Amino acid sequence: MVSWKGIIERYRDFLPVSDKTPVVTLHEGNTPLIPSRDLSEEIGLEVYLKYEGLNPTGSFKDRGMTMAISKAKEKGCTVVMCASTGNTSASAAAYAARGGSMKCVVLIPEGNIALGKLAQAMIHQAKVIAVQGNFDEALTLVKEITRDYPVELVNSLNPYRIEGQKTSAFEICDVLEDAPEFHAIPVGNAGNITAYWKGYKEYKQRQRSQSLPRMLGFQAAGAAPIVLGKIVERPETIATAIRIGNPASWKAAEAARDESSGRIDAVTDEEILQAYQRLAAASGVFVEPASAASVAGILKLHQDGYFKKFKGARLVCTLTGHGLKDPDIAIKNVKAPVSLKPDIKEILKEIGL
Ligand code: AN7
């Protein structure tokens with residue numbers, strides 16, 4: 001058996017790397033594509049979950065970061081920087097540590113990043129700066145600094161990030177032996193929907209697949225600039241990962257939607273939380289709230305009758321990040337455990353035995 005060595009080794013022919021590129025990898029990618037019986041039965045399609053929370057730092061960002069950090073190292077950069085709602089910073093910090101002799105600086109919106117992500121950025125020794133503002137303001141600062149100083153930008157404006165992230169579409173086609181009919185995905189800064197669409201198109205062009213999916217993107221209702229067609233100055237949602245009011249890849253996301261005859265819609269926080277709980281309870285898959293936006297979205301489209309003509313078609317939902325990233329949200333949405341004395345009678349009574 002050949003062991004998995006990460007997305008650059010696996011998909012080298014599709015990526016802008018050469019023999020001289022020092023590959024910085026944590027063996028990301030090769031994530032499971034899990035059929036969901038629960039969702040398939042309800043919607044009447046074959047629904048698969050692409051569980052990107054199982055990447056090394058717990059999110060899809062690792063696919064892009066192995067590329068961005070490897071290319072930064074190839075160029076001889078010693079400082080990398082990003083703005084982040086959390087996952088990008090966790091991934092950048094880990095890959096910079098892995099790269100060796102690389103400093104990582106991250107700007108995060110103060111008070112609006114999940115605990116697990118903050119812990120990751122810090123334990124990997126990034127310089128973490130909490131900005132008294134939102135993600136969009138932090139990104140503006142990072143763009144200015146990386147333009148004027150010898151610091152490499154590793155947000156998804158960095159084209160190598162998109163290149164790495166497109167490999168998830170390749171993996172899906174490899175498993176299904178073609179593209180699915182639909183691909184659902186949460187949208188924040190809009191890099192990932194851009195990357196998947198690029199991946200699907202390239203695989204078809206190189207005759208590794210025969211068809212293209214319709215891309216279905218979902219934003220949180222309080223942070224839905226693409227749906228509204230205007231910048232949201234004060235984005236708000238419990239899905240802090242996608243609390244973004246002015247996405248960097250706005251135009252590319254619209255192109256993915258329009259070229260694929262897909263949709264970009266909004267889902268409310270309540271719908272996100274329902275899908276979040278349902279995934280954990282009925283599919284055994286624990287994701288962070290932003291990831292559940294894709295499932296909330298397809299349930300909503302199903303209720304609107306959108307899939308009626310497509311019975312039995314294949315739909316893949318990207319679940320972007322692991323549930324352990326945001327333990328506070330999980331705890332807030334369940335009943336607290338019952339506290340009992342270490343007495344067998346009391347415990348049996350509580351269990352109902
Ligand atoms: C779990 O980490 O923007 O539309 O700074 O962490 O490609 O931005 C995170 C985004 C979806 C949205 N799900 O992806 C960041 C950041 C999770 C995320 C998205 C993010 P994009």
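Order of listing sets the numbers, starting from 1, for every ligand and every atom in it. For clarity, every value in this text was computed on a predicted model and none was experimentally measured.
Of the candidates Ala190, Ser91, Gly86, Ala190 brings a heavy atom nearest to atom 21 (P) of ligand 1. Across Ile226, Leu319, Asn192, Ile244, heavy-atom proximity to atom 7 (O) of ligand 1 is greatest for Asn192. Considering only non-hydrogen atoms, atom 10 (C) of ligand 1 lies nearest to Lys61 out of Lys61, Lys117, His322, Gln219. Selection from Gly321, Gly64, Ala241 by nearest heavy atom to atom 18 (C) of ligand 1 gives Ala241.
Counting heavy atoms under 4.0 Å from ligand 1, residue Gln165 does not touch it at all. Contact annotation: for Ile242 versus ligand 1, heavy atoms closer than 4.0 Å belong to the side chain alone. Residue contacts with ligand 1, taken as heavy atom pairs separated by less than 4.0 Å, involve Glu288 solely via side-chain atoms from C-beta onward.
For Asn87 and Glu288, the side-chain atoms include at least one donor-acceptor pair closer than 3.5 Å.
Geometrically, ligand 1 and Ser89 share no nitrogen or oxygen pair separated by less than 3.5 Å. For ligand 1, the polar-atom distance check against Pro186 finds no nitrogen or oxygen pair separated by under 3.5 Å. For ligand 1, the polar-atom distance check finds an N/O of Asn87 within less than 3.5 Å of one of the ligand's N/O atoms.
The ligand atoms of ligand 1 that sit less than 4.0 angstrom from a heavy atom of Gly191 are 4 (O), 7 (O), 21 (P).
With Glu254 contributing its side chain and Lys251 its backbone, the two residues share no donor-acceptor pair below 3.5 Å. Side-chain N or O atoms of Ser249 include none that pairs as donor or acceptor with a backbone N or O of Ala252 at under 3.5 Å.
From the protein, the heavy atom lying nearest to atom 17 (C) of ligand 1 is Thr320 OG1, 3.3 Å.
The side chain to side chain contact (heavy atoms under 4.5 Å, CB included) test applied to Ala130 returns Ile108, Glu110, not counting sequence neighbours. Residues forming a salt bridge (Lys or Arg N to Asp or Glu O under 4.0 Å) with Glu137 (at least two apart in sequence, or on another chain): none.
The cationic group of Arg206 lies under 6.0 Å from the six-membered ring centre of Phe14 and within 45° of the ring axis, placing it in a cation-pi geometry.
With a 6.0 Å radius and a threshold of 12 heavy atoms from other residues, nucleotides or ligands, Tyr160 has its OH atom at or below the threshold.
Within the structure, ligand 1 lacks Ile193 among the residues with a heavy atom less than 4.0 angstrom away.
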